Amino acid sequence: MSTLDDTHDPALRSWVTSANDAASEFPIQNLPFGRFRRAGSIDAWRIGVAIGDQVLDLKLVAERTGWTDAERERLLPLARSELNGFMARGSQARRALRATLSQALREGSAWQDALSSCLVPQAQAAMAMPCEVGDYTDFYTGIHHATAVGKLFRPDNPLLPNYKYVPIGYHGRCSSLCVSGHDLRRPHGQIKSEAAPPQFMPSQRLDYELEVGALIGPGNELGEPIAMPNAEQHLFGLVLLNDWSARDVQAWEYQPLGPFLSKNFATTLSPWVVTMDALAPFRAPFERPAGDPPPLPYLDDANNRQHGAIAITLEVWLQTEAMRQRGEPAVRLMQSNFRDAYWTLAQLVAHHSSNGCNLQPGDLLGSGTQSGPQEGQGGSLLELTYGGKQPITLPNGETRTFLQDGDTVILRGFCERPGLRRIGFGDCAATVQAARGLSSTL
Ligand code: MN
């Protein structure tokens with residue numbers, strides 16, 4: 001478990017003055033990693049750290065600073081644009097680099113002149129997927145989501161009997177992972193309504209899912225499970241994740257083997273990886289309601305009970321095509337908190353590897369949809385509209401059951417606590433494009 005140190009001091013200020021703006025998601029206490037290049041260029045992707053409204057280019061930092069050999073050695077994989085290589089080195093290297101960058105970016109740092117020339121405005125940067133993701137697993141830790149969705153199908157018995165014992169998940173697909181800003185095309189699929197035979201057509205019930213994505217740092221050998229006390233050491237950092245879902249395709253295909261084409265056409269990630277170290281001040285106890293079964297011993301340990309959860313406020317925002325044309329900003333549809341997940345990230349790591357399955361640096365674990373306990377806190381339209389039966393009305397009078405072409409969905413996330421500097425994740429956004437016409441001449 002990451003501990004607090006002087007990099008979390010809320011009084012720290014940066015010579016990058018935009019980072020000191022209270023509204024900035026990237027103050028000096030955050031320092032998330034991403035992969036970028038100048039927009040419009042065909043340069044190779046570079047690893048950068050977000051600070052205020054700027055990106056610190058770590059390739060230039062490695063070239064232009066007179067840092068010690070140990071510091072430069074830690075920067076090497078990053079200077080070569082290999083975030084995975086750095087992720088594999090674990091929490092010690094990550095914390096050491098964080099300490100170095102925190103010192104170098106502080107007001108009064110002797111490195112200000114050298115590092116000023118290593119900044120690129122975020123407004124001029126194009127972002128790529130932050131790392132190579134070799135495997136992607138999506139879990140189902142949002143108990144309020146599982147209950148609300150279960151109720152639509154089984155009003156008397158919404159939660160299946162395994163839910164409170166097994167962190168439920170399925171293996172997802174990596175090739176269709178996209179970074180924020182990539183539009184997504186409405187998928188076709190087999191859709192079955194009422195008594196008619198199924199038809200192949202564009203999805204009419206396209207939805208988003210508000211999730212947190214965890215990226216693995218050091219992996220484990222095949223056949224060597226990760227025990228709970230070590231599980232946090234295998235986490236590198238978190239992103240926001242939108243698990244786009246075609247509900248009509250899902251309803252027809254999901255039994256007996258689970259989601260397939262209803263989920264694998266696109267998954268959008270936010271571009272900045274917020275490290276476990278930046279999140280350390282926002283840890284929370286892992287608690288279950290009285291009367292719920294305790295986790296089995298292989299999914300339990302004292303640290304997890306004390307600090308296993310993370311308090312992250314999560315939000316979904318929507319801007320329709322009509323709103324965009326009239327210059328109206330996006331509206332917030334809901335808010336929930338990652339603290340309410342039924343399983344912690346450490347439990348997901350321990351469970352995933354408990355049979356000897358090997359995790360590798362850059363692997364992605366999705367949290368499942370994070371809905372809150374209250375009415376109106378559904379993390380998908382499926383929940384907010386009760387399965388499409390009760391449309392939501394937007395401030396401009398438009399209504400939605402599911403997404404329309406031209407809709408932009410934006411996920412946002414931030415951590416705040418009294419006495420601490422607020423940190424954010426940056427937007428995870430994408431716009432729905434009309435379904436492609438099917439070619440009959442191939
Ligand atoms: Mn999902």
Side-chain angles (χ1 to χ4, degrees), residues 133 135-153 158-160 162-163 166-180 184 187 189 203 205-215 238-255 257-270 312 314-316 333-334 336-338 340-345 347-349 351-352 363-372 377-385 387-388 402-403 409-413 425 428-430 432:
V133 178
D135 275 298
Y136 161 41
T137 303
D138 199 22
F139 283 93
Y140 199 50
T141 71
I143 191 170
H144 305 297
H145 170 74
T147 306
V149 171
K151 240 178 227 165
L152 295 173
F153 298 103
L159 267 193
L160 291 171
N162 57 7
Y163 189 85
V166 184
I168 301 294
Y170 67 95
H171 284 132
R173 187 160 177 89
C174 300
S175 64
S176 51
L177 294 173
C178 303
V179 73
S180 177
L184 107 145
S203 171
R205 290 163 71 92
L206 181 61
D207 201 356
Y208 54 78
E209 289 190 339
L210 169 63
E211 303 197 20
V212 172
L215 291 163
L238 306 186
V239 294
L240 303 175
L241 182 155
N242 187 341
D243 179 22
W244 302 97
S245 300
R247 300 299 182 192
D248 37 14
V249 178
Q250 186 178 358
W252 175 231
E253 77 169 8
Y254 87 103
Q255 287 179 313
L257 286 186
F260 180 36
L261 300 184
S262 57
K263 299 275 193 175
N264 72 1
F265 57 94
T267 304
T268 306
L269 303 187
S270 56
I312 306 172
L314 299 169
E315 298 177 341
V316 177
L333 298 186
M334 59 73 73
S336 66
N337 200 299
F338 189 44
D340 292 332
Y342 198 75
W343 298 99
T344 66
L345 295 173
Q347 288 170 323
L348 302 188
V349 167
H351 183 65
H352 203 309
D363 279 3
L364 173 65
L365 308 183
S367 65
T369 308
Q370 298 300 306
S371 303
Q377 286 191 301
S380 66
L381 283 173
L382 183 70
E383 292 156 85
L384 292 181
T385 68
F402 292 95
L403 295 170
V409 177
I410 307 160
L411 309 186
R412 291 185 176 143
F425 280 74
C428 176
V432 178

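Note that the coordinates shown come from a computational prediction; the quantities given were computed from them, not determined experimentally. Keep in mind that the numbers below use all heavy atoms, side chains included, and drop hydrogens, waters and symmetry copies. Whatever order the structure lists ligands and atoms in, that order sets their numbers, starting from 1. The first residue of the sequence shown is numbered 1, and numbering continues consecutively from there.
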Tyr140 and Tyr163 aromatic ring geometry - parallel, tilted or perpendicular at 30°/60° bounds: perpendicular
Minimum-distance N/O/S atom that Glu211 presents toward the Mn ion (ligand 1): OE2
Atom of Asp138 nearest the Mn ion (ligand 1) (restricted to N/O/S, atom name only): OD2
Heteroatom of Glu209 nearest to the Mn ion (ligand 1) (N, O or S, atom name): OE1
Among the N, O or S atoms of Asp243, the one nearest the Mn ion (ligand 1): OD2
Centroid separation Tyr342 to His144 less than 6.0 Å: no
Backbone N/O of Val239 and side chain of Ser270: donor-acceptor pair under 3.5 Å: no
Exam field: side chain Glu253 to backbone Ser262, donor-acceptor pair closer than 3.5 Å: yes
